[in-house]
Participant: 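Attaching a single structure in structure tokens format; questions to follow.
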Amino acid sequence: MPASAVPLVSSPTNHHIEALAALGVSRRYRRGALLIQEGDTGDTLFIVLQGRLRAFVSDNQGRELTLGMYGPLEYVGEMSLDGGPRSANVEAAEACTCSVVSRATLLDYIATHPEFALELMARLIRRARLATDSARSVALIDVYGRLVRLLNEMATAPDAQGERPLKERVTHQQLAQHLACSREMVSRLLKDLEIGGYIAVRERWIVLCRPLPARW
């Protein structure tokens, strides 16, 4: 099963992130720690050095929708650098280390490296598009359709047997948080797919055995 992350490839963007991270304060967070709370004010950027962060929104009933997962040399918190409130929650999906960069430090860095502002803008545009796609998916696609889309996105390329393991081990609860539905719904759909021979679960790792049907 795939277990280790693909090593990061050196690039101009990574160079800027590494340089910016060196200007921040390194902090460690335990799994489940809340780094950012939706609605709060803040002026810090969090650059992941080790581990992963999860950005999500939730409602008064405790239901959650995962907006994204962020690993080494990715960052969160840039949406509030305009002085507005935080637009989402961010928690440590696992024990992690982050470089915490202040707004003043970020602006000073951009002033001396203006090309980094273009990368920051491109990242904001990509995240806005992802948010639009997520909203469209929740509004217009049923839960099964969203599950198929997510599993296909998370799957690796076919192996010699034509099987496609997911890139990482995920729980039913984690899938439900991505799909904005209940864990019970995910469990039922996965069990149906397993009985139908479309997926297999080996050592708690989901494997796509053949193309998933468009409708169920």
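Quick caveat: nothing in here was measured; it's all calculated off a predicted structure. Below, all heavy atoms of this structure are taken into account, side chains as well, without hydrogens, waters or symmetry copies.
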Participant: Can you confirm whether or not the ring centre of Phe46 sits under 6.0 Å from the ring centre of Tyr75?
Facilitator: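 No, the ring centres sit 6.0 Å or more apart.
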
Participant: Could you tell me whether Glu168 and Arg52 make a salt bridge, using a distance below 4.0 angstrom between a side-chain N and a carboxylate O?
Facilitator: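 Looking at Glu168 and Arg52, the cut-off is met.
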
Participant: Rounded to the nearest 0.5 Å, what's the gap from OG on Ser99 to CD on Glu18? Could you check?
Facilitator: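 Interatomic distance, Ser99 OG to Glu18 CD, rounded to 0.5 Å: 11.5 Å.
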
Participant: I need the Leu23 CG to Leu106 CG distance, nearest 0.5 Å.
Facilitator: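 Reported to 0.5 Å precision, the distance equals 10.0 Å.
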
Participant: Using side-chain heavy atoms (C-beta onward) and a distance below 4.5 Å, is Val143 in contact with Leu189?
Facilitator: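 SC-SC contact between Val143 and Leu189 confirmed.
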
Participant: Of all heavy-atom pairs between Gly51 and Pro72, which one has the smallest distance, and what is that distance?
Facilitator: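 The answer is O-CD, 3.6 Å.
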
Participant: Return yes if a side-chain donor-acceptor contact under 3.5 Å exists between His172 and Ser187, otherwise no.
Facilitator: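 Their side chains do contain a donor-acceptor pair, which is all the 3.5 Å distance test asks for.
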
Participant: Parallel, tilted or perpendicular: which one describes the rings of His113 and His16, with boundaries at 30° and 60°?
Facilitator: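 The arrangement is perpendicular - the two ring planes meet at more than 60°.
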
Participant: Without hydrogens or angle criteria, can the side chains of Asn89 and Arg54 be said to hold a donor-acceptor pair below 3.5 Å?
Facilitator: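 Note: Asn89 and Arg54 side chains miss the donor-acceptor criterion.
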
Participant: Treating Lys191 as the side-chain partner and Val186 as the backbone partner, does any N or O pair qualify as donor plus acceptor under 3.5 Å?
Facilitator: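 No, Lys191 side chain to Val186 backbone: no donor-acceptor pair under 3.5 Å.
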
Participant: Looking at every non-hydrogen atom in both residues, tell me the closest pair between Leu53 and Cys96 and how far apart they are.
Facilitator: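 Taking Leu53 first and Cys96 second, the nearest heavy atoms are CD2-SG, 3.6 Å.
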
Participant: Might you point out which heavy atoms bring Ala88 and Leu67 nearest each other, and give the distance in Å?
Facilitator: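 Heavy atoms only, the tightest pair is CB-CD1, 3.8 Å.
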
